[in-house]
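Just so you know, ligand 1 is whichever comes first in the structure, and atom 1 is the first atom listed for that ligand.
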Amino acid sequence: MPSVFTHAAVPLALWCASERGRISPRLLGAGVLAAMLPDADVLAFALHIPYADAFGHRGASHSLLFAALLGIFAALIAPALRASRAQAGTFVFVCALSHPLLDALTSGGLGVALWWPWSDVRLFAPWRPIRVSPFANNFFSARGMQTVVSELRWVWLPLLSCVIGWRLIQQRAPVDARNP
Ligand SMILES: [Zn+2]
């Protein structure tokens with residue numbers, strides 16, 4: 001996995017790229033939670049479920065179906081998230097799906113069970129530039145620091161560039177340019 005903090009990068013980038021006030025703080029919170037939630041499956045190790053099992057790490061919780069279910073749940077509780085059903089469902093679905101897609105770009109571990117329950121195959125992207133994160137107990141090691149640098153380079157920096165580019169594209173023209 002990229003570290004759990006880096007999974008928050010996608011919801012934060014979407015929030016920064018959107019017009020102020022469009023995404024409520026509650027919806028942003030739900031998106032951050034949905035982007036991090038799939039890694040709650042590391043509990044599988046404590047339960048002695050093998051990594052490669054459908055319910056092992058990067059298994060069912062890293063599937064398209066899981067992201068869709070979180071999206072449906074968000075749509076159901078949309079009023080509490082101060083959002084329309086379509087907005088809440090789509091935002092949370094995209095945030096949840098970003099998790100396995102980022103994991104598929106990492107250099108280690110097993111791939112993600114994106115198509116579970118239709119297929120148990122573990123998938124990786126053809127290009128995997130992100131260094132895999134050590135688990136929490138080793139996070140503040142030299143390897144942990146290399147992971148942070150890798151995530152800054154391959155996740156945070158590209159997303160920041162996209163956000164800045166999108167904000168520039170969306171800038172309003174100066175008044176005299178609007179009324180030539
Ligand atoms: Zn993960």
Vertex the Zn ion (ligand 1), ends His99/NE2 and His62/NE2: angle to nearest 10° comes to 90°
If you group Ile, Leu, Val, Met, Phe, Trp and Tyr by side-chain heavy-atom gaps below 4.5 Å, do Leu160 and Val10 land in one group?
no
Take Asp41 and Arg58, measure what salt bridge (Lys or Arg N to Asp or Glu O under 4.0 Å) needs, and give me the verdict at the end.
CA-CA 7 Å; Asp41 68 1; Arg58 291 186 170 178; over 6 Å; no
Side-chain (Arg26) to main-chain (Leu81) donor-acceptor, under 3.5 angstrom:
no
Using 2.8 Å as a strict upper limit, say whether an N, O or S atom of Asp103 approaches the Zn ion (ligand 1) that closely.
yes
For the Zn ion (ligand 1), decide whether His57 has an N, O or S atom at a distance under 2.8 Å.
no
Restricting Asp39 to its N/O/S atoms, the closest one to the Zn ion (ligand 1) is OD1
Neighbour count >12 (heavy atoms, 6.0 Å) for atom CZ, Phe73:
no
